[in-house]
Trainee: 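Dumping the structure here so I can ask a few things about it.
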Amino acid sequence: MATKPMTKAELVAALADETGMDKKGAGAAIDALSAIITREVAGGGTVTLPGVAKITSRERAARMVRNPATNEMISKPADKAVKVTAAKALKDSVNS
């Protein structure tokens, strides 16, 4: 049975309850964390959230891809992709 993903408002409320700060401060903390992660990964760096995940960007080579509507093969230039690797602690807690 699938559950709905946690919304930003629910995350803000949970962070505020967990830390004892107000919701405005918790929202600002989440926004700041998001901005820091985005800036670092976009610049080619890696961000590790201990016990949660490692977020990095990786280069993808140019390749041929198929247009599903026409079955035509087209060339896709090299680009970057974001890679998120779950931490062992998170995997262990999910599987226990």
Trainee: Nearest heavy-atom pair of Leu15 and Ala26: which atoms, and what distance?
Mentor: CD2-O, 3.7 Å
Trainee: Return the set of residues passing side-chain hydrogen bond (donor to acceptor under 3.5 Å, both in side chains) with Arg60 (not counting sequence neighbours), or none when no residue passes.
Mentor: Asp79
Trainee: Could you walk me through whether Ile55 and Lys83 pass side-chain contact (heavy atoms from CB on, under 4.5 Å), step by step?
Mentor: CA-CA 6 Å; Ile55 307 166; Lys83 182 178 179 184; over 6 Å; no
Trainee: Ignoring hydrogens, what is the shortest heavy-atom contact between Ser57 and Gly44? Give both atom names and the distance.
Mentor: OG-CA, 3.9 Å
Trainee: Please report the C-alpha distance between Lys54 and Val84 in whole Å, then the side-chain angles of each, then the deciding distance to 0.1 Å, and finally whether the side-chain contact (heavy atoms from CB on, under 4.5 Å) criterion is met.
Mentor: CA-CA 6 Å; Lys54 182 168 105 175; Val84 179; over 6 Å; no
Trainee: Spell out, as yes or no, whether a donor-acceptor pair under 3.5 Å connects the side chain of Ser34 to the backbone of Ile30.
Mentor: no
Trainee: Apply side-chain contact (heavy atoms from CB on, under 4.5 Å) to Lys76 and Ile74, showing your working.
Mentor: CA-CA 6 Å; Lys76 183 165 179 6; Ile74 56 175; over 6 Å; no
Trainee: Return the CE to CD distance between Met64 and Glu72, rounded to the nearest 0.5 Å.
Mentor: 8.5 Å
Trainee: So, the side chain of Arg39 versus the backbone of Ile37: is there a donor-acceptor pair under 3.5 Å, distance only?
Mentor: no
Trainee: Is any side-chain heavy atom of Val41 less than 4.5 Å from a side-chain heavy atom of Thr56?
Mentor: no
Trainee: Starting at OG1 of Thr85, measure out to CG of Leu90 and round the result to the nearest 0.5 Å.
Mentor: 11.5 Å
Trainee: Under a 4.0 Å N-O cut-off, is there an ion pair linking Asp17 with Lys23?
Mentor: no
Trainee: What's the shortest heavy-atom distance between Ser93 and Ser96, and which atoms?
Mentor: O-OG, 3.2 Å
Trainee: Would you say Val47 and Val52 are hydrophobically clustered, going by side-chain heavy atoms of ILVMFWY under 4.5 Å?
Mentor: yes
Trainee: Can you tell me how far apart CD1 (Ile36) and CG (Asp31) are? Round to the nearest 0.5 Å.
Mentor: 11.0 Å
Trainee: Starting at CE of Met73, measure out to OG1 of Thr70 and round the result to the nearest 0.5 Å.
Mentor: 10.5 Å
